[in-house]
Colleague: 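Pasting a structure here, questions to come.
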Amino acid sequence: MRLDVESAKKEIMRLINGEETFILNECVTCYACEEYCKKGNHPFYLITELQESKGILPAPKPIVKQWINMAIPTRKDTQYFPNSREPVISLCLFPEFMRELRGKLFEGVSFILGRHFYCQLAYLHFGKPSVIKERLPKIIENIARHGFKEVVFFHDECYSTFTSYANAYGIEVPFRPVHFFEYLYNKLKALEDKVKPLNVRIAYQRNCSTRLTPDKEQYLDRIFELIGVERTQREYDKEKALCCGGIFRGQQRYDLFVDVQRRNVEDMVKSKAEYCVFNCPYCYYTLAERVYKAGIRPIMLHQLCRLALGETLR
Amino acid sequence: MNKKEVHKALAEIVGEEYVSDSKEDLYIYSRDPGLAEPHEADFVVLPKTVEEVQKIVQLANKERIPVIPAGASLSLSGLTIPYKGGIVIDLRRMDKIIEVNRRSRYVVIEAGVTHGKLKAFLEEQYPDLCHSLPEAPPSATVVGNLMIHGQGHLAQQYGFNSSMVTGLEIVLSSGEICRIGSCALGSYWFSLEPFPIPAGLFLGWFGATGIVTKAGLRLYPKKKLRDVEVFVVEDPNLVPEVIYRVTHTEMAEDITTSAQPYPLMFRDIVMIQIYITGDEEEELEFKRKLIWSSLRDIINSKEGGFMTLAPNMKIAFLERPMSNITRFADVLKGGGFVYCGAIIPIDMFSTALKKLFEIASRNQVTFSHTGRVIGRGHCMMFSFAYPFNREDPESMEKARKAIQESYIATLEIGGIPWKPEPPIQRVLLEKMPRETAELLKRIRSLLDPNGIMNPGNWSV
Amino acid sequence: MSVDLRNVHRCFRCGWCKLPSTFIDYNCPSYVRFHFESYSPGGRLWLIRAWLKKELRWSDRLAEILFSCVGCRNCSENCKMRFKDEVTDWIIAAKSVAIEEGLAPPKVREFLENIAKFGNPWGLPRSQRATWISGVKKYEGDEYLLYLGCESSYLEAGRKVARNVIEVLEAAGISFGILGNEEECDGNEAYMLGEMGLFQELAFKNMKLFQELGVKKVLTISPHAYNAMKKYPARSFEVIHFTQLLYELVKEGKFRFSRMECKVTYHDPCFLGRYNGIYLEPRKILLSIPGLKLVEMKRTRENSFCCGGGSGNFVFDLLHGMESPARVRVREALETGAKVLAIACPICRCMLEDAIKDEGLEEEFEVKDVAEMILDSMKSR
């Protein structure tokens, strides 16, 4: 959307007043407005509430249905991990990473994962905040009954749910959410003598929900410094970052998806990045192939850290 | 029949180690992985050449012993079960890929060649050619699949696999070896037409009119790149329209459908898998855009949309053949499933789906549907599939009932049961006009006057 | 091992298990040999079920069907079901039931009895275990205990491999010793034949002896011994196959290779490859020899076609014949145009050398083990 300031002000007032505005149909749910609003007015949450109340779906109905059904716990999902102890990492809906979070950085770590621990934040992309409100209290209860004081969240959306989102909606969270960046940084610092600088140039792919909690990125910069990687100067980085485009595709905005991915990757290539570092699995799944075809190696942040410790990846 | 004498005669034909009447071998060859009742064979033989098949059939004709040709026996409809005993002829030792004519794009194979072997061979030796690969396990034989009018991944473009036959070598019930197509007139196997003997005298008869020992098969261009788009709708009534539009673009390689109650993300929706191929990324993107564009108004109405596939899902959809289909057999941890494949007009899709839900609910069974568009939407294969547990007679009975009802439902909606079990074959014969049934009877009598060729099948 | 044979009904007999992942040809040794569906993994499992449910009585044919499974694990590798890893275990468990009920064929019974009584499957005197080898010191706290194994102690083909490995180790200055006549069978074939009691007894004996001697690292000639010792419960020593150590030595530059122009194809042994995931080291050793051209057979690595010697068949050879797996494999090797068929297993050497003779291909190519290739390259200076 390209708007001048006056038009933008008009539309935001419509949102605040609960009126119809083209924003509700055009919003691609990239979360950027949450970061840009320095007043903490949560324009994105407002948009999603109105989308739902007015029956405006950002994505087709069967796609929304799939996403909602996907997270309904089944008999195979574990609700309680009796042997888990801190430090505990929540893997959300990404069990495939259990076999990757190994080595010196993850010694002695326990995991909780599965649908009973899914943060639900993705439903903001589908104009269904009610699903989050309905399910989140139970998710928090499932985590809390383990008695953890701190929980490390591998998935950025989880961290943002239990901090920014919960805070905005007055939902109590009886444990301290720790971002994966903070965990990685502290572990790396403790193993500093074993770190060998990688001396590579990396582009960092910023995921959408990170915009809810940008403060934690201080740890990211420290990690990069510690492991000896240079974050390339790019047009589409930090506040101006482009999202991976995955959700745009789900919203059937194919041309936008292609355009965003193309611009993003061209930007990475232009900056002469050797690696593209991801923190979000969904971004990785969506963008890694295009990145790879452009001659840049896609890699998850934890993998990069493990390389810096001389470990071999699968 | 004097079994000892027959055994000796068979051993003289194929060699002692390739004939058996041991209880163990008869046990296996008397049943298939479906739900059909077993019937014990008298012998199992493994010929290596068409001459050996000829001699076996001559012997069988003389002794009036039934012969049942078999590949991997994966029809799940009991089509290789010896209903009247006899000699099961396992053709899988005849597994030569005889010739590929690249320019005319055809391959000549023996009856025992598996789909997997042919696929692997072409990928290695002729990477720009492929054959139409069904979703059956790769151990299934190509000729076995032709005999049941199977459909592969090229069905949407080129029709049933049996439509791709360019020539056949058949051993008739008399033991005569017959060729039809251009191969009857020379060394080329490029075409059946305009030869006056149609392949339909043999294909679809499950060996009741002759044993196919060689086949010529069309090959098609194989592109370097392949991708899949999955369009999902909640309303099954939209499916025919979606298929109509996509087939109109002529951009898709394969179009399949699926619906199942589990996992939950698939519940209450229908997925239409649209496969595209190209030699360049641009070609792929061009096709993808045209297909998206053809469905734009359905997308804009929010009634349907394309899924974003996670990598593991995409890998599963692009696997050839898809092992997910086979894994359905373990849904009840019981080693089995059966399905009624119905060939139906596409506009009966939602009626068929509704029938499937009703049947599954009534019989309290879980189910799965997969479908494949044939031709540019001329019809489709719609499967009603039900898993069962071999250790649970109740689940087997439920699946049996469900499958019978599915066959009836197929007929009710104007479809044709594909590769029907003998009892359903009898229903079809009763249902068809008397004159048509008489014609089938006359053909069968002409080609199998002594009734030895896979009796129990297409018996009027 | 506790395996629930009650789940054997889950086999759908779909046939994925007969093939390698490339589908290029059938890959189940007994199915390739006999071609009856009964000899395929799915057919075998259905018959096991029928036998256990008393729908079929035990017979010589059933015995042959069961014990002709060489345990190559192609079926478990390629089965598409969630229970895939259990497929090989089910067959072993069925063999176990047959043995417990006294139904094992005489050849199998004899094989196991010989191991129990004489420490080797041929029933040859223990005193002959190490008499063929001289000049190799007995283990006395060396870095490695070189475990020869039955095949390398009693079979000429196996002895060749042992001699070559010993010579290479000496050339590299490695500290090692052998057990001599005190060596006990590793128990792998007992395990694969389902004789768990015997396997556990052998494991216990070996572990006790190794502990008494203070053994920290066991270097095996045979992948079968490597596989067996990996299974020993609560073992206090490391197990290494000779190709793993030789690869390390190659990397360290311990060998001075000369150029050796030859075309070689490598046969992956089941117990090194499919069972233990070791594919690279033998190849890297070969590729480090200058002038050596490594060509792959059509079925390679996890798709390797078994020589047919496993689960005791290198002794009782139920799969002999013109279409024996070894002969089929040798024909496949011939197609590569290689002059050397490289192996890393003494049983493979035995089976494949015999197959070359049976095929009349002695002039075409020969079998050599990986250690021998190193020696050849060193000696051709």
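In what follows, chains are A, B, ... by sequence order, proteins preceding strands, each numbered from 1.
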Colleague: Which atoms of B:Pro387 are under 4.5 Å from chain C, going by heavy atoms: the side chain, the backbone, both sets, or neither?
Modeller: neither
Colleague: With a 4.5 angstrom heavy-atom cut-off, could you sort out which part of B:Glu123 is near chain C: side chain, backbone, both or neither?
Modeller: neither
Colleague: Taking the side chain as C-beta and beyond, is there a heavy-atom pair between C:Phe365 and C:Thr265 under 4.5 Å?
Modeller: no
Colleague: For C:Cys11, is it the side chain, the backbone, both, or neither that has a heavy atom closer than 4.5 Å to a heavy atom of chain B?
Modeller: backbone
Colleague: Quick one: of C:Ile24, C:Asp25, C:Val8, who has the most non-hydrogen atom pairs under 4.5 Å with chain B?
Modeller: C:Ile24
Colleague: Once the angle between the rings of C:Tyr39 and C:Phe34 is folded into 0 to 90°, is it parallel (under 30°), tilted (30 to 60°) or perpendicular (over 60°)?
Modeller: parallel
Colleague: Using heavy-atom distances under 4.5 Å, tell me whether B:Asp90 contacts chain C through its side chain, its backbone, both, or neither.
Modeller: side chain
Colleague: Find the one option among B:Ala136, B:Gly336, B:Ala140, B:Pro33 whose heavy-atom pairs under 4.5 Å with chain C are most numerous.
Modeller: B:Pro33
Colleague: To the nearest 0.5 Å, what is the distance between SG on C:Cys307 and CG on C:Asn313?
Modeller: 9.5 Å
Colleague: In terms of heavy-atom proximity below 4.5 Å to chain C, should B:Leu118 be classed as side chain, backbone, both, or neither?
Modeller: neither
Colleague: Quick one: which of B:Thr326, B:Asn389, B:Asp95, B:Leu76 has the most heavy-atom pairs under 4.5 Å with chain C, could you say?
Modeller: B:Thr326
Colleague: With only heavy atoms counted, which part of C:Leu56 is less than 4.5 Å from chain B, the side chain, the backbone, both or neither?
Modeller: side chain
Colleague: Using 30° and 60° as the class boundaries, would you call the ring planes of C:Phe83 and C:Trp90 parallel, tilted or perpendicular?
Modeller: tilted
Colleague: Restricting to ring-ring contact (aromatic ring centres under 6.0 Å, His included), what partner residues turn up for B:Phe367, sequence neighbours left out?
Modeller: B:Phe357
Colleague: Can you say whether B:Lys333 sits under 4.5 Å from chain C via the side chain, the backbone, both, or neither, judging by heavy atoms?
Modeller: both
Colleague: Applying ring-ring contact (aromatic ring centres under 6.0 Å, His included), name anything that partners C:Tyr26, two or more places apart in sequence or on another chain.
Modeller: C:Tyr31
Colleague: I'd like to know if B:Lys4 pairs up with B:Asp21 as an ion pair, taking the criterion as any Lys NZ or Arg NE/NH1/NH2 lying under 4.0 Å from an Asp or Glu carboxylate oxygen.
Modeller: no
Colleague: Given heavy-atom pairs under 4.5 angstrom as the criterion, report whether the side chain, backbone, both or neither of C:Arg49 touches chain B.
Modeller: side chain
Colleague: Can you tell which part of B:Ser20 gets under 4.5 Å to a heavy atom of chain C, answering side chain, backbone, both or neither?
Modeller: both
Colleague: With a 4.5 angstrom heavy-atom cut-off, is it the side chain or the backbone of B:Asn324 that approaches chain C, or both, or neither?
Modeller: neither
Colleague: Distance check, rounded to the nearest 0.5 Å: B:Ser30 atom OG versus B:Glu37 atom CD?
Modeller: 12.0 Å
Colleague: Please determine, among B:Ala72, B:Pro138, B:Ser22, B:Ser73, the option with the most heavy-atom pairs under 4.5 Å with chain C.
Modeller: B:Pro138
Colleague: Checking heavy atoms, do the side chain of B:Tyr29, its backbone, both or neither come under 4.5 Å from chain C?
Modeller: side chain
Colleague: Contact part of C:Glu64 toward chain B, heavy-atom cut-off under 4.5 Å: side chain, backbone, both or neither?
Modeller: neither
Colleague: Any sub-3.5 Å donor-acceptor pair from C:Ser76's side-chain atoms to C:Thr88's backbone N or O?
Modeller: yes
Colleague: Counting only non-hydrogen atoms closer than 4.5 Å, does B:Val19 touch chain C with its backbone (N, CA, C, O), its side chain (CB onward), both, or neither?
Modeller: backbone
Colleague: Atom OG1 in B:Thr49, atom NZ in B:Lys96: separation rounded to 0.5 Å?
Modeller: 8.0 Å
Colleague: Any chance you could measure C:Met297, atom CE, to C:Leu334, atom CG, to the nearest 0.5 Å?
Modeller: 11.0 Å
